[in-house]
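Structure record follows, encoded as structure tokens.
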Amino acid sequence: SRVLTIQNEYISASFDPDTGLLVEMKNLEQDLLLPVRQAFYWYNASTGNTLSSQASGAYIFRPSRQTPLFISRWAQTRLVKTALVQEVHQNFSAWCSQVVRLYPGQRHLELEWTVGPIPVGDDWGKEVISRFDTALETKGLFYTDSNGREILERRRDYRPTWKLNQTEPVAGNYYPVNTRIYITDGNMQLTVLTDRSQGGSSLSDGSIELMVHRRLLRDDDRGVGEPLLETSESGLWVRGRHLVLLDKARTAAVGHRLQAEKELLAPQLVLARGSGTPYHLE
Amino acid sequence: SGDSAPLNEAMAVLQHHDAVSGTSKQHVANDYARQLAAGWEPCEVLLSNALARLSGSKEEFTFCRNLNTSQCPLSQTSKSFQVTVYNPLGRKVNWMVRLPVSKHMFLVKDPSGAVVPSDVVTMPSSDIQELLFSASVPALGFSIYSVTQVPGRSPRADRPEPRFQKSLSWIKSSSRVRPS
């Protein structure tokens, strides 16, 4: 039951020996240590209540409760360690797993998650999130990008141009995350790069959450006319990656901007059997 | 002949939020997927032609569309093959190539013919073996690596044991998290 750790020359990540969850991240280059717990949760989709008949659906995110439920409080883990890769494989449930990965020379932690098919046999629509919890004092602020360009400051329960009456404490604080979301206490910054557009928020100080998958049983009555209930094989499973960077706040932008470029314009692989013939343009 | 126009057009159609946010009816989502797939096919021909011209060698190029689920028939069945790594970024990158392979050992050579370090790793919870090697690719350019199967089986073919196993009865009876 010793602590499980993966480490390269820049980053170290530790996992709780009892739960198998990520519990600590270190930036060895800058001597930064951040206790961070990451786990998967799900919101129970609202089907309407006494305040509003609005159901969660394709257009609308409306959880029935503010607190999400654990998919699992622990993960069965398997460790792969070679000279070229270190991976912790976490299995949370039959429909949720993750590989936490480090390559040599990499300045970020890679979390490759696989979610689905989301079970709905209990007649509850589910909206699945990955959440990172830290003790960073973020004073209600977090940052998301706008179409991969300008980073915008987001403040919980607040809009800069009008007096907000917050009626949806969870959904009302969700924002689009096209490429990245981060939190900072002014000294340290935790950034998560996404490989696709997702919804994200920081519902309490020091926390980041990103919605990775959803399966709903009711239409939200906004025009689609059918619930977000994928039944074909291709849409049941979702696999994606979150790249997590821990940096000093004043130098963090260099790291996440360069890494985001590398993700957007990732190398492409083409294979051949290698018995080709010489090719001339003419 | 190859053509990138159909993919251009499909991408333009897919700018609509319905295509990325799940706000379309299912048959519309299916049509978006159809347009993308149809657009990508002539692009593969275009890329093959471009690579043939740039490398001076005409190959039967294969694009492994299911690498995210560790599926690539060519790398999983061939005893030797070439891997062309194209870097669209304006600076040199080092990138870890991961390819599903058969249960063997492999020798990987870089474009100059030098052997590069590689590993064959067995993925836990599956029988899939993946070949890993680090590729160095110039800015806006490509590198061709050769992979050859060598005699012997992968030394890492054994499955690692799970670290944590808990029973359902334990979850019901205790709120504190402990390994069994």
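We name chains A, B, ... by the order of the sequence lines, and we start the count at 1 in each one.
Contact count versus chain A (heavy atoms, under 4.5 Å) is highest, among Phe142(B), Tyr145(B), Phe61(B), for Phe61(B). Annotation: maximal heavy-atom pairing with chain B below 4.5 Å, among Thr114(A), Leu228(A), Leu258(A), occurs at Leu258(A). Ranked by heavy-atom pairs shorter than 4.5 Å toward chain B, the options Glu226(A), Arg196(A), Glu261(A) are led by Glu226(A).
If you measure heavy-atom distances from Ile60(A) to chain B, you find no contacts under 4.5 Å at all. The contact between Ser24(B) and chain A is made entirely by backbone atoms, counting heavy-atom distances below 4.5 Å. Of the atoms belonging to Val97(B), it is side-chain heavy atoms, and not backbone ones, that fall under 4.5 Å from chain A. For Val85(B), the parts lying under 4.5 angstrom from a heavy atom of chain A are both the backbone and the side chain. If you measure heavy-atom distances from Leu269(A) to chain B, the contacts under 4.5 Å come from both the backbone and the side chain.
Judged purely by distance below 3.5 Å, without hydrogens or angles, the side chains of Glu130(B) and Ser70(B) pair a donor atom with an acceptor atom. Under 3.5 Å, the side chains of Ser134(B) and Asn94(B) contain no donor-acceptor pair of N or O atoms. Side-chain contact check for Glu230(A) and Gln26(B): at least one donor-acceptor pair (N or O, by modelled atom type) lies under 3.5 Å.
For residues 87-113 of chain A, heavy-atom neighbours of chain B at less than 4.5 Å comprise Glu87(A), His89(A), Arg101(A), Tyr103(A), Pro104(A), sorted by residue number.
With respect to Arg65(B) and Glu44(B), a salt bridge is recorded, a charged nitrogen being found less than 4.0 Å from a carboxylate O. A salt bridge is defined here as a Lys NZ or Arg NE, NH1 or NH2 lying under 4.0 Å from an Asp or Glu carboxylate O, and Arg37(A) with Glu24(A) fails to meet this definition.
A distance-only check finds a donor-acceptor pair linking the side chain of Asp195(A) to the backbone of Arg241(A) [under 3.5 Å].
Atoms CG and CZ, on Asp18(A) and Arg73(A) in that order, are 14.0 Å from each other to the nearest 0.5 Å.
Proximity of the aromatic rings of Phe106(B) and Phe133(B) is defined here by a centroid distance below 6.0 angstrom, and this criterion is not met.
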Apply salt bridge (Lys or Arg N to Asp or Glu O under 4.0 Å) to the pair Arg218(A) and Asp220(A), showing each step before the final yes or no. CA-CA 6 Å; Arg218(A) 293 277 296 270; Asp220(A) 55 13; over 6 Å; no
